[in-house]
Amino acid sequence: MHILLTLGLWLALLGLAVRWPKIGRHRAWMLVLLGVLAIIGGSRFWQGILHAAWSGDELYLLEPAAAFASVWLLVLPSLWQRRLDRTRLVASLFTGLVAMAAIGTALDLGHLVFSRFSLGAGSLAIVLMISIIAALVLTGFTLDRWISDEYFPWEYAAWCAGLLVIVQPAHPVLLQINPAGEHGLWTLAVLLAMIGCLAQSQRSHSSLIWIGGALVIPVSVGFAVGG
Amino acid sequence: MRFTGSLNPQQTVHAVAAILLTLLGGLTLISLLRSPVSQSSTEIADGQEQAQALAQWQILWTEIAERGEAALQPEQMDVSLRSAGDTVFMRYRNLWKNIDPAARRMFQIAALTNDPQQKLMWLEPLTTVDAPMIRARALLEVARVQLRRRALDLATAAAETMLAIPELTVQLTADAYFILGYAALEANDLDRAEAALAQAVDRDPGFWDARQAQLLVLNRQLNQPRQSVAACLNRSRLMIENLGALPTLAQDRTQFRDIADRFAAQAAVTNPAFRLLSGLGYLWVGDHDRARKALAEARKAQGQLPRQCETLIAAQAEALLQRHF
């Protein structure tokens with residue numbers, strides 16, 4: 001039931017972004033912050049991670065070093081542009097929270113669906129799980145654009161790719177497609193392509209085609225890798 | 001917002017996101033209305049164990065891919081560690097700094113005595129003293145002497161009594177689990193040996209003797225005809241972890257070759273796990289010809305292990321061949 005509430009919360013945030021697209025950066029930040037913190041706090045996946053870390057149980061996560069490519073992508077543009085101010089850092093962490101909420105919801109939903117349907121480890125399982133992840137990454141992207149609409153969202157792609165690499169042991173489909181393979185570079189490339197398509201959809205007259213591309217890329221690559 | 005009949009790009013992406021979320025909501029509702037996939041409690045436990053084993057297997061290979069054999073080297077925090085070949089339960093010298101001089105003298109006399117009965121006679125009074133550290137060490141020494149006399153039950157009993165002492169350091173309990181594991185191995189009770197030695201290595205990853213014994217037990221266990229996928233994966237993973245850890249503890253890289261040779265020499269047993277292990281050993285010691293041969297053999301499923309386990313081993317052997325050759 002908590003997943004329905006979580007999806008309702010995502011829809012509510014989306015509704016706010018549609019109703020008041022120019023609400024002002026600080027108000028948008030505040031609303032999104034409250035929303036994603038509630039989503040992360042209610043996520044069974046993130047609750048499990050927190051509980052394991054607290055009680056000293058084994059964490060079924062890859063160590064953050066596995067996502068080094070994403071970390072470099074987070075740091076390098078700032079170094080290149082010589083912008084390492086506090087605002088930039090806070091904005092990046094904020095983007096990370098949105099990505100955490102999206103991945104947490106996707107994993108919760110994935111676990112629910114896989115516990116109710118006998119999907120095994122076949123192609124259907126891969127397509128379904130990646131579609132769920134892609135849908136929530138797209139939703140997170142729309143909120144990220146609402147709060148920071150001035151530059152290409154490298155950070156969002158890097159955060160999502162890095163998180164997918166780290167949480168790989170959390171779901172059988174992720175284990176099967178191995179996002180951490182090739183040092184996580186292919187995952188990062190797919191996420192960059194997806195977010196690139198979404199960013200392009202915001203400037204193009206053929207938005208739907210670009211959005212369709214953004215959804216097809218991860219599903220087809222995931223299918224090719226693990227199917 | 002004014003509805004104009006067509007959506008701007010921003011509204012389009014919002015609309016698509018809303019549609020996708022609604023679809024996910026529908027999927028959630030359908031899932032909630034269905035009862036969980038019917039599985040017996042044993043199947044669920046097996047499934048969870050297998051998922052856990054698979055996750056740990058994946059983590060191991062990701063770490064090896066990123067850091068090579070260095071990923072398997074245990075951290076040694078205590079500089080007083082004498083790792084390789086020490087069997088007198090004085091591996092951690094710092095643990096015994098503040099020992100009572102009279103007790104120390106009795107331990108020394110017992111250590112210098114050749115006759116096992118005499119040793120036990122000197123140690124016996126120390127097994128009942130109040131100081132837990134002295135009592136624990138005396139019980140461990142008694143267990144070790146009984147093990148040498150092949151009095152396996154007495155050795156096990158002494159180690160179990162020692163484990164019942166509260167507030168012992170982790171390294172000391174590792175020693176007791178090692179005794180339990182070794183006694184079980186001598187008694188050919190491989191399951192009990194495997195469990196006890198896993199505890200010993202968990203508690204003290206720098207315990208060279210425990211890792212050697214564990215390698216031996218896992219070797220025999222992997223040759224058993226019937227085992228679950230999870231057990232096969234866990235055993236293969238632990239053997240690889242020991243392969244990576246032992247040379248560091250012994251400070252001797254030729255151990256890679258020794259272990260690789262040992263498993264490659266089991267020619268009668270066409271076990272892909274052993275082939276993978278020897279391939280890795282040869283690879284890390286720089287013998288690429290033998291590594292290639294062993295890894296190529298590891299790719300062939302022989303029906304020796306559960307099918308899924310053999311497939312995963314073969315996939316890793318293939319990945320290593322592609323990466324290094």
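Per chain, numbering begins at 1; letters A, B, ... match sequence-line order.
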message: Could you go through B/Val13 and A/Gln202, starting from their C-alpha distance and side-chain angles, then the distance that decides it, and tell me whether this counts as side chain to side chain contact (heavy atoms under 4.5 Å, CB included)?
response: CA-CA 8 Å; B/Val13 76; A/Gln202 302 295 281; 3.4 Å; yes

message: Please evaluate residues B/Val16 and A/Thr142 with respect to the criterion side chain to side chain contact (heavy atoms under 4.5 Å, CB included), reporting the C-alpha separation (whole Å), side-chain torsions for both, the decisive distance (0.1 Å), and the verdict.
response: CA-CA 10 Å; B/Val16 172; A/Thr142 60; over 6 Å; no

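Scanning for ring pair (Phe, Tyr, Trp, His ring centres under 6.0 Å) contacts around A/His2 gives an empty result, with sequence neighbours left out. Looking at residues two or more places apart in sequence or on another chain, you find no ring pair (Phe, Tyr, Trp, His ring centres under 6.0 Å) involving A/Trp10.
Atom-to-atom distance recorded for A/Leu62:CG and B/Glu63:CD is 7.5 Å, nearest 0.5 angstrom. Here the straight-line distance linking atom NE2 of B/His14 with atom CZ of A/Arg145 works out to 10.5 Å at 0.5 Å rounding.
Taking both residues in full, the closest heavy atoms of A/Val113 and B/Ser31 are given as CG2-OG, 3.6 Å, listed atom of the first, atom of the second, then distance. Closest of all the heavy-atom pairs between B/Ala18 and A/Leu14 is N-CD2, 3.4 Å.
Counting non-hydrogen atoms of other residues, nucleotides and ligands closer than 6.0 Å to CH2 of A/Trp210 gives a total of 12 or fewer. More than 12 heavy atoms of other residues, nucleotides or ligands lie within 6.0 Å of CG in A/Leu5, so this atom counts as buried by the packing criterion.
A heavy-atom distance below 4.5 Å is found between the side chains of B/Leu21 and A/Leu136. Residues A/Val18 and B/Gln11 form no side-chain contact, since every pair of their non-hydrogen atoms from C-beta on lies 4.5 Å or further apart.
Within the 4.5 angstrom heavy-atom criterion, no atom of A/Leu143 approaches chain B. The parts of B/Thr28 that come within reach of chain A are both its backbone and its side chain, each placing non-hydrogen atoms under 4.5 angstrom from that chain. Only the backbone of B/Ala65 comes within contact range of chain A, with at least one heavy atom under 4.5 Å from a heavy atom of that chain. Only the side chain of A/Ile211 comes within contact range of chain B, with at least one heavy atom under 4.5 Å from a heavy atom of that chain.
Between chain A and the options B/Thr62, B/Leu24, B/Leu20, B/Leu23, the largest number of non-hydrogen pairs under 4.5 Å is found for B/Leu24. Among B/Ile19, B/Leu32, B/Leu29, B/Thr22, the residue with the largest count of heavy-atom pairs under 4.5 Å with chain A is B/Leu32.
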